[in-house]
Amino acid sequence: MKKEEVPQDESNIQSTNQKELCYAVGEDGKYTTALSSGWDPKTIALNNAIEEIQNRISNAKERVLNNQTSPIEFYMESHKMDLSILASYVGLWQWRVKRHFKPKVFQGLSNKMLQRYAEVFDVSLETLKDITLYKTPEIKNNTPDEN
Amino acid sequence: MKIEFKHQQSAHCENGVISNLMRHHGFDISEPLAFGIGSGLFFCYVPFIKVNHAPAFTYRALPGIIFKRFAKRVGIKIKREKFKDPKLAKVRLDENLNNNNPVGLQVGVYNLVYFPDDYRFHFNAHNLVVYGKEDQTYLISDPVMETVTTLTDKELEKVRFAKGAFAPKGQIYYPVDFPEKLKIQSAIVKGIKHTCKDMLAPMPLIGVKGIRYTARLIKKWPKTKGVKLANHYLGQIVRMQEEIGTGGGGFRYIYGAFLQEASGILNNPELEVLSKEITEIGDLWRDFALEASRIYKNRSAQVDAYVKVATQLEHIADREETFFKKLKKTI
């Protein structure tokens, strides 16, 4: 990549006014560094991944409201976690966490156990039990073609 | 207290920490040199680890190992410590800062508040330097950021004790023992040999063979996984390639910069020629990412398009095989 080819596309890192450093070849054929504001193929991949997460969250939300799963699954998705990550945060076996996804099992959990989840998800016990109280932190999704 | 520490931005976090810490101790080690000597370039398909619900591909050596190899090869010693107890981890950090010693930390990215939201995933192999403390705020030099930043002690504890794969466990590390002169020349040779061995490994998921294996998988995905999943997986390859602290195309360029520098140090003009060659291969990786992004942007699952990107990847594998064989002979 030549120095003048270092991509300067719009991207999600601009929200914090940052640029990333790249290595590129200067006119004299010597390697040098240059800052890049972003690159569309990367941004599209990232945006697709975020959209996928949003879908998982809304899907989990719907199933919680239909009493098909417990709020734990919704909060897990909201925190971009999967079963193994959540299990290591609460310090339980994966199968136990999975069992807590069952609405009936969830109803019977002790406050102590619920508190462990509430701490990981950074919510109160009430909010943990009732996902309609939860305010999703806004996840920005800037597609490259919208300014 | 604030330690005099010169922050320099780098393309990749671990190399950047090595380079900045070495510079602090008076040894001028560039990022590419740290990357090359530590044999950071790698490729591996890891089918049994899922990241964001897609199989993992890594373009780099395991977290921490670049510094480990670098230290051994140039003849410095590093002290590393992991903790069970966050309090102890904090005490040890403060001790070092009081002794005027900036330290490297392994951290998780998810709770790193100064990162853009979209980049905050559960990725635990990020590295940064702490170079001071003012009240309850730590002064942070994160090599991928343009400028220095800060974290409160609560925020720092959270990222040091992130959980999941590669959990950092509060890991702290810093160089302790320096020889009078670093063994740079022999270190470069060892670093290059190791990378050649890795990339030409006779194992199906690793190195050049791993790239070929991935190409075969891509061809199959639209049929076996369906449109949606195939696009998701392809997006994952590009994300692993160009960000999440890994870098595939980008790594080829850092390696090119390394070979150029090495060519001067070892007085070996052939390395300069090979530097140009790996730069071309880096361009091919970028073309591959661009073509792949067209597929997942339009959410198309034309088998042709998948075959096309897979063929590009096979071509890259061929070029890299020739490249690393030549490099092995040169050194």
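Reckoned from all heavy atoms, side chains included, excluding hydrogens, waters and symmetry mates. Quick note on labels: first sequence line is chain A, next is B, and so on, each numbered from 1.
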Ring centre gap for A:Y134 and A:F121 strictly below 6.0 Å: no
Contacts of residues 84-116 of chain A with chain B (heavy atom under 4.5 Å): A:I85, A:S88, A:Y89
Part of B:E272 lying under 4.5 Å from any heavy atom of chain A: side chain
Top contributor to chain B interface from A:E52, A:M81, A:R56 [non-hydrogen pairs under 4.5 Å]: A:R56
Distance (rounded to the nearest 0.5 Å) between A:T127 OG1 and A:Y75 OH: 5.5 Å
Heavy-atom side-chain proximity of B:T279 to A:V25 below 4.5 angstrom: yes
Per-residue contact mode, B:Y114 against chain A (heavy atom under 4.5 angstrom): backbone
B:Y59 and B:W285 aromatic ring geometry - parallel, tilted or perpendicular at 30°/60° bounds: perpendicular
Geometric class of the B:Y253/A:Y31 ring pair [parallel <30°, tilted 30-60°, perpendicular >60°]: tilted
pair B:P55-B:P47: side-chain heavy atoms closer than 4.5 Å: no
Cation over ring face, B:R239 and B:F121, 6.0 Å, 45°: yes
Whether over 12 other heavy atoms sit under 6.0 Å from A:E27 CD: no
Which atoms of B:K50 approach chain A - backbone, side chain, both or neither, heavy atom under 4.5 Å: backbone
Close side-chain approach of B:E155 to B:N111, heavy-atom, < 4.5 Å: no
Top contributor to chain A contacts, counting heavy-atom pairs under 4.5 Å, from B:P32, B:A54, B:G16: B:P32
Residue part contacting chain A, namely of B:Q260, when any heavy atom lies under 4.5 Å: side chain
Pick from B:M145, B:E31, B:E261, B:H53 with the largest number of heavy-atom pairs that fall under 4.5 Å of chain A: B:H53
Stepwise side-chain contact (heavy atoms from CB on, under 4.5 Å) check, A:V123 with A:L133: CA-CA 10 Å; A:V123 292; A:L133 297 174; over 6 Å; no
For chain A, the option from B:E280, B:H232, B:R286, B:Q9 that forms the most heavy-atom pairs under 4.5 Å: B:R286
